[in-house]
Amino acid sequence: MSSDPYSPLVRSLFSTTPHAGDLPGATCVSADAQGVKVQLAASAAGDIITALRWKAWGCPHFLAATEAFCAEYEGGTAAGLLEFSAGDLMNELAVPVTKTGRILVLEDAVRSLGQAIRDGSA
Amino acid sequence: MSEDLVYLDYAASTPVDERVSGLMTEIMTRDFANPSSTHAAGRTATARIEVATEQLASLLNTAPSKLVWTSGATESDNLAIMGAARFRDNKGRHLISMRTEHKAVTDAFDALVRQGFDVTWVEPAANGLLALQTLEAAIREDTQLVSIMHVNNETGAIQDIASIGQMCRERDILFHVDAAQSVGKLPIDLDRLPVDMMSMTAHKVYGPKGIGALYIDEKPGCHVMPLLFGGGQQRRLRPGTMPAPLIAAFGLAAEIAAGRMADDHAHLVRLRNRLWNGIRSISGVSQNGDLDSTFPGILNVSIEGIEGESLLLALEPICVATGSACNSQSQEPSYVLRALGRSDALAQSAIRFSFGRPSSDQDIDFAIQKYTEAVARLRRIAPGEAA
């Protein structure tokens with residue numbers, strides 16, 4: 001039998017997605033490239049992100065990465081979003097190299113979200 | 001297999017019937033001699049092979065002398081296609097097949113192209129069936145071989161091999177059929193069918209993996225060049241020590257299949273219809289193929305707005321296929337469904353459910369529930385324009 005293409009963490013993040021959904025009235029960005037689609041929404045108080053939500057269409061690794069991002073950065077700062085790098089998530093979730101392009105779509109969306117929050121609060 | 005799993009991938013492989021595995025064990029431990037040996041023990045092993053050859057020949061209504069044992073359908077396909085093309089090389093180098101064939105067929109033809117042969121790939125209609133006029137238009141003066149599968153392994157589409165074979169026979173063109181998905185499941189009468197070569201395998205019909213057969217008609221001009229060399233077994237067409245336990249197992253599996261084919265078929269029709277009726281009302285769902293012209297053991301469905309790999313994971317613990325099992329490591333859209341004109345998105349969302357003797361109403365009801373829930377969840381978490 002071939003090895004499981006999904007790590008236990010990916011399986012967990014894919015099956016339980018507490019951050020999936022909408023945030024009405026929040027700052028929102030979206031991206032559509034590399035065969036995936038993502039929409040990120042954030043509420044912020046000053047530079048602090050008080051809530052993060054996502055909606056996405058893509059493979060399990062992409063959905064898991066998006067959920068992992070939201071879980072990790074909720075409560076963080078907008079400045080942190082601007083420095084977000086997909087590399088750590090790729091390693092943490094054991095995302096296949098062939099899916100790098102998809103995860104970079106998430107990276108671009110996250111940085112756009114950080115910039116949108118800053119622009120909105122300026 | 002774990003009891004937690006619900007297996008609906010019988011087109012990929014079936015469990016070995018307990019009577020078949022019992023026979024294998026008996027031969028492996030008792031009648032284990034080399035069938036090529038002339039002593040008494042060797043003759044006993046040979047007798048086991050002779051019984052199996054009679055059993056398989058009986059299922060197909062043909063002569064035992066027309067069957068060659070192989071390692072499976074892939075080898076049978078290669079022996080038929082490469083062997084026949086090379087044998088008739090001096091008469092012409094044009095060959096015809098379909099892009100919806102199994103990789104064992106398309107890759108063999110691609111190899112022949114690299115050796116200077118010319119292959120025409122005929123296109124199926126949207127339901128997967130080959131129109132006779134399409135085939136007729138592709139035939140040339142130098143056409144030597146046509147290879148069309150009986151039941152498609154992804155969609156279940158059943159080709160009209162009687163009419164295709166008749167067209168070939170009228171033009172002295174050899175006709176090969178990959179019947180890996182139909183032998184033991186649909187009635188096949190090789191004494192009447194205009195088929196020159198037919199590939200088959202045991203593990204799709206409750207026999208073991210590693211054993212298959214190739215039917216080769218004994219008419220003039222119908223012959224294959226061997227792919228292997230090294231002994232005189234099987235009239236030098238497929239040399240090598242004959243695996244008596246596997247051959248006997250295929251023979252018994254064939255005999256069992258012959259005795260229960262009608263019951264098996266009715267069981268599959270009922271399960272397929274139950275599943276389709278349970279999911280057909282989901283928005284955006286469509287069958288790849290149609291109920292009237294597909295083998296009931298396979299139901300292949302696509303759905304709009306759903307990513308296939310995530311759907312497959314969300315369906316666990318149901319074991320299904322996204323396309324050909326041989327291609328399942330790849331998440332590329334199925335080349336078969338693309339050939340039927342499906343978009344990349346629809347082909348990539350395709351799930352092949354396939355049913356077998358052990359499948360139950362409970363399995364189907366669970367599949368309906370999981371598929372419905374998975375689609376609803378993936379749509380709920382998708383951005384508006386994707387759902």
Next item on the list: Give a yes or no on whether the backbone of B:Gly305 and the side-chain of A:Trp57 come within a donor-acceptor separation of less than 3.5 Å.
Entry: yes
Next item on the list: Determine, stepwise, if the pair B:Glu307 / A:Leu63 fulfils side chain to side chain contact (heavy atoms under 4.5 Å, CB included).
Entry: CA-CA 11 Å; B:Glu307 202 276 339; A:Leu63 301 187; over 6 Å; no
Next item on the list: Could you tell me which non-hydrogen atom of A:Pro60 sits nearest to which non-hydrogen atom of B:Leu313, and how far apart they are?
Entry: CB-CD2, 3.6 Å
Next item on the list: Identify which part of A:Phe62 has an atom lying under 4.5 Å from any heavy atom of chain B, answering side chain, backbone, both or neither.
Entry: neither
Item checked: chain A contact via B:Ala314 - which portion, at a heavy-atom distance below 4.5 Å -> both
Check: Once you round to the nearest 0.5 Å, how far does OH of A:Tyr6 lie from CD of B:Glu309?
Finding: 3.0 Å
Next item on the list: Examine whether an atom of A:Ser15 lies under 4.5 Å from a heavy atom of chain B, and if so say whether it belongs to the side chain, the backbone or both; otherwise answer neither.
Entry: backbone
Note to self: Restricting to non-hydrogen atoms, name the atom on A:Gly58 and the atom on B:Ser310 that form the minimum distance, rounded to 0.1 Å.
What the structure shows: O-OG, 2.7 Å
